[in-house]
Enquirer: 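This structure is in structure tokens; I'll ask about it shortly.
Letters A, B, ... are given to chains in the order of the sequence lines, protein chains preceding strands, and every chain is numbered from 1. As the structure is a prediction and not an experimental result, all values here were calculated from the model.
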Protein chains: 2
Amino acid sequence: MKEQGKLRSERKYPCEKCPLASRDVFRKFKPKELDFVSRFKRGELFVDKGATVLAEGTRNPHLYTVLIGWGFRYKLMSDGRRQIVNYVLPGDLIGLQGTLMDEIQHSVEALSPMTLCVFERGELMSLYREHPELAYDVTWLASREECMLDENLLSVGRRSALERLAYLIAFLTSRARAVGMFNGTATLPITQQHFADTLGLSLVHTNKTIRKLIDRKLVRWRDGGCEVLDADQLAELSGWDPSNEGSRPFI
Amino acid sequence: MKEQGKLRSERKYPCEKCPLASRDVFRKFKPKELDFVSRFKRGELFVDKGATVLAEGTRNPHLYTVLIGWGFRYKLMSDGRRQIVNYVLPGDLIGLQGTLMDEIQHSVEALSPMTLCVFERGELMSLYREHPELAYDVTWLASREECMLDENLLSVGRRSALERLAYLIAFLTSRARAVGMFNGTATLPITQQHFADTLGLSLVHTNKTIRKLIDRKLVRWRDGGCEVLDADQLAELSGWDPSNEGSRPFI
DNA sequence: CGTAGGATTGACCCGACTCAAGTTAAGTGG
DNA sequence: CCACTTAACTTGAGTCGGGTCAATCCTACG
């Protein structure tokens with residue numbers, strides 16, 4: 001586990017200039033809400049690639065919203081087996097479980113340098129009291145996560161290795177595009193080990209399955225990342241319908 | 001798909017006599033909250049075993065809290081493959097996804113006769129406005145669901161067939177006991193097909209795996225259900241820690 | 001007594017795992 | 001600039017867990 005990143009209380013990204021707000025997918029705050037969120041915000045966290053943002057089994061007094069970068073959420077078994085349960089992208093709220101439960105039950109690691117917006121968990125109740133619409137948004141985000149997990153579970157439980165992989169790539173591409181992470185070609189900053197640990201497959205078999213997608217010219221391997229050549233075909237191959245969400249909230 | 005159950009607006013279980021309230025696990029309502037929830041409640045739904053409570057791809061104007069009975073939440077692929085993503089027990093809130101997203105992305109089917117408390121989805125926002133504590137509880141429930149899904153995903157992705165099965169049985173037993181569903185011995189009202197579809201295994205292999213647990217005298221098969229003989233051993237076998245939650249909310 | 005949904009079992013096969021050896025590419029320090 | 005290290009990616013060989021197919025059995029129920 002690499003060391004924690006830097007927590008700063010000065011603002012590189014004050015809420016009025018939130019890099020998320022400029023994205024069309026996200027709904028806009030009302031002035032009062034912006035005001036509240038601005039006070040709710042405690043600072044910014046900058047972490048390097050590979051850093052642990054949140055650790056399983058700890059109590060963390062913070063809630064985070066991802067502003068920039070990629071990360072993944074995972075669980076470990078005592079003998080070292082790892083299951084990645086989901087990925088986190090800009091706009092995602094993390095640490096909610098830790099706020100409501102006692103200890104957090106999963107870890108989060110950065111896949112790229114990340115910038116996160118830090119909130120005080122103790123303040124969450126006052127958000128609920130003063131801004132029911134924002135509270136509703138928090139629930140919306142939790143519900144959306146649940147929806148993604150359902151889909152991931154379907155994938156790991158019932159799809160073949162090739163379908164699973166195709167689904168995962170299409171899913172991540174779709175999510176990342178939705179928040180404007182790619183200009184032209186999509187390249188996922190993910191190693192084959194990450195794929196394997198997400199799909200419930202071994203590294204070796206994952207590699208061989210990726211080869212099949214490469215042979216079909218659906219993806220390419222570049223600079224230690226996966227370049228997506230045809231996301232639509234991938235989605236179709238997996239039997240997944242990437243129904244794009246409309247506008248969505250964030251905190 | 002069997003027909004829907006009966007929706008009644010007269011109250012067999014008025015909120016003041018909610019069968020959940022008497023269970024110690026659930027937190028108590030304040031008088032004002034009870035009052036609100038009582039108005040929020042639209043009626044009661046009684047469904048038979050095998051009935052579909054919620055159907056994937058539909059818009060459902062209701063939210064439900066399970067009062068009595070077992071059910072399961074699942075997703076289907078177009079070729080018929082089924083993945084059960086979780087089970088629903090008394091105290092569980094279902095249909096929240098349908099309230100926040102457009103269409104619901106999963107179905108719910110009754111494993112036993114069920115009684116559900118019906119709420120109007122349109123009223124949810126007023127709950128958020130008038131009772132922040134209850135809103136917080138809704139989020140808590142969503143977050144708890146997320147936590148269970150993470151664990152299920154770990155199981156399907158990384159545990160062996162025997163471990164998975166042991167985990168599932170221990171998990172369900174623990175949940176059901178927590179809400180006081182068993183007096184003495186625990187018997188899960190679940191067929192081997194359900195187990196298979198939860199674990200991501202074939203029916204045949206599930207059967208053979210159950211046999212191993214029977215040989216170890218950890219479970220027994222009775223009356224078309226699974227009688228749990230040693231939940232602790234099962235949990236240990238699977239490497240799962242059934243850390244019991246303390247008091248919890250419900251709506 | 002017939003039927004149907006579940007549970008069981010055996011035979012056979014294949015998808016995915018493990019083990020083992022590389023290869024490649026990107027540092028890093030002398 | 002080169003030797004060394006390390007992380008990530010490849011590939012082949014052999015094995016095995018779990019899948020499929022096909023019967024068969026049990027038991028509740030009409």
Enquirer: So what is the end-to-end bend of the helix from C:dC1-D:dG30 to C:dG30-D:dC1, with 5 pairs used at each end and the value given to 10 degrees?
Expert: 30°
Enquirer: May I have the distance from A:Ile214 (atom CD1) to D:dC9 (atom P), rounded to whole angstrom?
Expert: 10 Å
Enquirer: Minimum heavy-atom separation for B:Leu218 to B:Leu237, with atom names?
Expert: CD1-CD2, 4.1 Å
Enquirer: Can you tell me the distance, in whole Å, between the CG atom of B:Leu162 and the P atom of D:dG17?
Expert: 12 Å
Enquirer: Sorted by first residue and then second, give each ring pair (Phe, Tyr, Trp, His ring centres under 6.0 Å) pair with at least one member in residues 54-76 of chain A; sequence neighbours left out.
Expert: A:Phe72-A:Tyr74, A:Phe72-A:His194
Enquirer: With a 4.0 Å cut-off on N to O distance, would you call A:Glu163 and B:Arg81 a salt bridge?
Expert: yes
Enquirer: Atom CD in B:Glu236, atom CG in B:Asp230: separation rounded to 0.5 Å?
Expert: 9.0 Å
Enquirer: I'd like to check the ring pair (Phe, Tyr, Trp, His ring centres under 6.0 Å) partners of A:Phe250; sequence neighbours left out, ordered by chain and number.
Expert: A:Phe26, A:Phe29
Enquirer: Test: side chain to side chain donor-acceptor pair (under 3.5 Å). Region: residues 143-156 of chain A. Which pairs qualify, not counting sequence neighbours?
Expert: A:Arg73-A:Glu145, A:Asn86-A:Glu145, A:Asp92-A:Arg144, A:Arg144-A:Glu245, A:Glu146-B:Gln97, A:Asp150-B:Arg73, A:Asp150-B:Gln97, A:Glu151-A:Arg159, A:Glu151-B:Lys75, A:Asn152-A:Tyr167, A:Ser155-A:Arg159
Enquirer: Residues from residues 192-201 of chain A sitting under 4.0 Å of DNA chain C, heavy atoms only?
Expert: A:Gly200, A:Leu201
Enquirer: Got a sec, which residues hit salt bridge (Lys or Arg N to Asp or Glu O under 4.0 Å) with B:Arg59, two or more places apart in sequence or on another chain?
Expert: B:Asp102
Enquirer: Hey, could you give me the SG/CG distance between B:Cys226 and B:Leu172, rounded to the nearest 0.5 Å?
Expert: 9.0 Å
Enquirer: Heavy atoms under 4.0 Å, any strand shown: does A:Thr191 hit a base, just sugar-phosphate, or nothing?
Expert: sugar-phosphate
Enquirer: Do B:Arg222 and B:Glu227 meet the salt-bridge criterion of a basic N to acidic O distance under 4.0 Å?
Expert: yes
Enquirer: Nearest 0.5 Å, what's the OG-CD1 distance between B:Ser107 and B:Ile84?
Expert: 11.0 Å
Enquirer: Relative to the 5' end of DNA chain C, which residue comes earlier, B:Leu203 or A:Thr206, by the nucleotide with the nearest heavy atom?
Expert: B:Leu203
Enquirer: Where along nucleotides 21-26 of chain D does protein come under 4.0 Å, by heavy atom, of base (B) or sugar-phosphate alone (S), with - for untouched nucleotides?
Expert: B-----
Enquirer: Under 4.5 Å between any side-chain heavy atoms of A:Leu234 and A:Thr173, yes or no?
Expert: no
Enquirer: Measure the NZ-CG distance between B:Lys208 and B:Leu203 for me, rounded to the nearest 0.5 Å.
Expert: 10.5 Å
Enquirer: Going by ring pair (Phe, Tyr, Trp, His ring centres under 6.0 Å), name the residues that satisfy it together with A:Phe195, two or more places apart in sequence or in a different chain.
Expert: none
Enquirer: Starting at atom CG of B:Asn207, determine the distance to atom P of D:dG17, rounded to an integer number of angstrom.
Expert: 18 Å
Enquirer: Going by side chain to side chain donor-acceptor pair (under 3.5 Å), name the pairs with one or both residues in residues 197-207 of chain A, residues two or more places apart or in two chains.
Expert: A:Arg82-A:Asp197, A:Tyr87-A:Thr198, A:Gln192-A:Asn207, A:Gln193-A:Asp197, A:Asp197-B:Arg158
Enquirer: Check the distance between D:dT27's C1' and B:Trp221's CH2 and give it to me in whole angstrom.
Expert: 16 Å
Enquirer: Please report the shortest heavy-atom distance between A:Val53 and A:Ile94, naming the atom on each side.
Expert: CG1-CD1, 4.3 Å
Enquirer: Identify all pairs in which a protein N or O lies below 3.5 Å from an N or O of nucleotides 28-30 of chain D, and state each distance.
Expert:
none

Enquirer: With B:Asp241, which residues qualify under side-chain hydrogen bond (donor to acceptor under 3.5 Å, both in side chains), at least two apart?
Expert: none
Enquirer: Reading DNA chain C in the 5' to 3' direction, which nucleotide is the first one with an atom under 4.0 Å from a heavy atom of chain A, and which is the last?
Expert: C:dA16 to C:dC19
